[in-house]
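Excluded from the calculations below are hydrogen atoms, water molecules and symmetry mates; all remaining heavy atoms, backbone and side chain alike, are included. The model shown is predicted, which means the values in this text are computed figures rather than measured ones. Order of the sequence lines fixes the chain letters, A, B, ..., with proteins taken first and strands second; residue numbering starts at 1 for each chain.
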There are 2 protein chains.
Amino acid sequence: MGASRTDIYTEEINEIADMAKVFAHPARVAILQYISTQESCICNDIVDEIGLAQATISQHLKVINDAGLLKGDFQGKSICYCLNIDRFQKFQTLLNSFFNKTKSNCC
Amino acid sequence: MGASRTDIYTEEINEIADMAKVFAHPARVAILQYISTQESCICNDIVDEIGLAQATISQHLKVINDAGLLKGDFQGKSICYCLNIDRFQKFQTLLNSFFNKTKSNCC
DNA sequence: TTGTATTATTGCAATATTACGATAATAAAT
DNA sequence: ATTTATTATCGTAATATTGCAATAATACAA
């Protein structure tokens, strides 16, 4: 007990939950929003911008990255993070598909 | 430490994270989906359908309800849960607005 | 009122998440 | 090779979440 069960749900349902988890922490929402506003896809500035420790930001970036939402390119010593638009679009499409199906069925 | 900080983010960002949290567990996604397929908005059947303990389902229903996504009407001894479509629609609209803004800005 | 069915709450144990300091790893510059 | 700047990882503490059994509360029926 304590751990979420995933074996009793369909793959689609687990996928939606996993997607939502990325956005289920304000730091990650803020990071995504901030990255999108930066012309040159800054990296360590995220730490200054958001106000959490560097280790914490790195941890959140890992979660976002593991979900496939980032492209990271080295630029000098720093890493230039950028949104993976295709993946981001896929998230939006799948979530909308779930929303539309669910609300159209409703009693 | 351990608790999420919310004071350092905008209200919009916290709102999006709170919304996403509802969908960030497969049981809640499954519950919402199931409720939407039921003509007559069944209640305790959710327990049978999903396969978690009654206490656990009730806990998840509370999370969904606290987010304003349910309407519950008494029907006999049982409660007839139904999706609050207006609220559900608002979730979809706000999330889409975040997605659209974010992806259009990207580098 | 008593019994029955349904849902909510409480208490607890297990696991996950969040946050940070310290440290390691990496890449470029000197 | 050494230094410097940047990012990732490790270890740890605090809090949150998940899940369940047991129990309480609620609503109706007899």
Side-chain angles (χ1 to χ4, degrees), chain A residues 1-9 13-14 17-31 34-35 38 40-67 70-82, chain B residues 1-9 13-14 17-31 34-35 38 40-67 70-82:
Chain A
M1 313 107 202
S4 297
R5 298 185 56 179
T6 55
D7 55 306
I8 58 176
Y9 310 106
I13 283 176
N14 281 318
D18 284 341
M19 284 180 179
K21 263 174 211 158
V22 177
F23 302 95
H25 193 290
R28 294 195 284 270
V29 176
I31 288 171
Y34 179 69
I35 286 180
Q38 294 309 103
S40 51
C41 308
I42 309 303
C43 49
N44 199 345
D45 296 339
I46 300 171
V47 175
D48 300 334
E49 171 72 13
I50 301 206
L52 292 172
Q54 183 267 322
T56 307
I57 295 292
S58 192
Q59 221 170 2
H60 283 302
L61 278 170
K62 182 170 162 47
V63 173
I64 301 172
N65 193 45
D66 286 351
L70 292 181
K71 291 182 190 167
D73 297 309
F74 283 98
Q75 278 202 352
K77 318 179 202 190
S78 55
I79 294 179
C80 164
Y81 279 114
C82 186
Chain B
M1 312 107 205
S4 298
R5 298 185 56 181
T6 54
D7 54 308
I8 59 177
Y9 310 104
I13 283 176
N14 281 318
D18 284 341
M19 283 181 179
K21 262 174 213 158
V22 177
F23 302 94
H25 192 290
R28 293 194 286 270
V29 177
I31 287 171
Y34 179 69
I35 286 180
Q38 294 309 102
S40 53
C41 307
I42 308 303
C43 49
N44 199 346
D45 296 339
I46 300 172
V47 175
D48 299 333
E49 171 72 13
I50 301 206
L52 292 172
Q54 183 267 321
T56 307
I57 295 292
S58 191
Q59 220 169 2
H60 283 302
L61 278 170
K62 182 170 161 48
V63 173
I64 300 172
N65 193 45
D66 286 352
L70 291 181
K71 292 181 192 167
D73 296 307
F74 283 98
Q75 279 202 352
K77 317 179 201 191
S78 56
I79 294 177
C80 164
Y81 279 114
C82 186

[X] near the nucleic acid: base, sugar-phosphate alone, or nothing, with a heavy-atom cut-off under 4.0 Å?
{"X": "B/Ile57", "result": "nothing"}
{"X": "B/Ser58", "result": "base"}
{"X": "A/Ser78", "result": "sugar-phosphate"}

Considering only [options], which nucleotide approaches the side chain of [X] most closely?
{"X": "A/Ala53", "options": "C/dT15, C/dG21, D/dA21", "answer": "C/dG21"}
{"X": "A/Ala55", "options": "D/dA8, D/dA21, C/dC20", "answer": "C/dC20"}
{"X": "A/Arg28", "options": "C/dC20, D/dT18, C/dT18", "answer": "C/dT18"}

Separation of [Y] [atom2] from [X] [atom1] (nearest 0.5 Å):
{"X": "A/Ile57", "Y": "A/Leu52", "atom1": "CD1", "atom2": "CG", "value": "4.5 Å"}
{"X": "B/Ile64", "Y": "B/Gln59", "atom1": "CD1", "atom2": "CD", "value": "12.0 Å"}
{"X": "A/Gln38", "Y": "A/Asp45", "atom1": "CD", "atom2": "CG", "value": "7.0 Å"}
{"X": "B/Ser4", "Y": "B/Lys21", "atom1": "OG", "atom2": "NZ", "value": "5.5 Å"}

In this structure, how many angstroms lie between the [atom2] atom of [N] and the [atom1] atom of [X], rounded?
{"X": "B/Gln59", "N": "C/dA13", "atom1": "CD", "atom2": "C1'", "result": "13 Å"}
{"X": "B/Leu61", "N": "D/dT18", "atom1": "CG", "atom2": "P", "result": "13 Å"}
{"X": "B/Asp45", "N": "C/dA5", "atom1": "CG", "atom2": "P", "result": "15 Å"}
{"X": "A/Asn44", "N": "D/dT4", "atom1": "CG", "atom2": "P", "result": "18 Å"}
{"X": "B/Lys21", "N": "C/dT17", "atom1": "NZ", "atom2": "P", "result": "13 Å"}
{"X": "A/Leu70", "N": "D/dT7", "atom1": "CG", "atom2": "C1'", "result": "14 Å"}
{"X": "B/Ile8", "N": "C/dT18", "atom1": "CD1", "atom2": "P", "result": "13 Å"}
{"X": "B/Asp7", "N": "C/dT18", "atom1": "CG", "atom2": "P", "result": "16 Å"}

Quiz item: Using 30° and 60° as the class limits, which term best fits the ring planes of A/His60 and A/His25: parallel, tilted or perpendicular?
Solution: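 Aromatic pair A/His60/A/His25 classed tilted.
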Quiz item: Does A/Ser4 or A/Gln54 map to a spot on DNA chain D nearer the 5' end, using the closest nucleotide for each?
Solution: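 The residue closer to the strand's 5' end, by nearest nucleotide, is A/Gln54.
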Short side-chain N/O contact to [N] OP1/OP2 from [X], under 4.0 Å:
{"X": "B/Thr56", "N": "D/dT18", "result": "no"}
{"X": "A/His60", "N": "C/dT17", "result": "no"}
{"X": "A/Tyr81", "N": "D/dA8", "result": "yes"}
{"X": "A/His25", "N": "D/dA16", "result": "no"}

Exercise. On DNA chain C, check which nucleotide each of A/Gly51 and B/Ile79 is closest to and give me the residue with the more 5' one.
Key: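 The residue mapped nearer the 5' terminus is B/Ile79.
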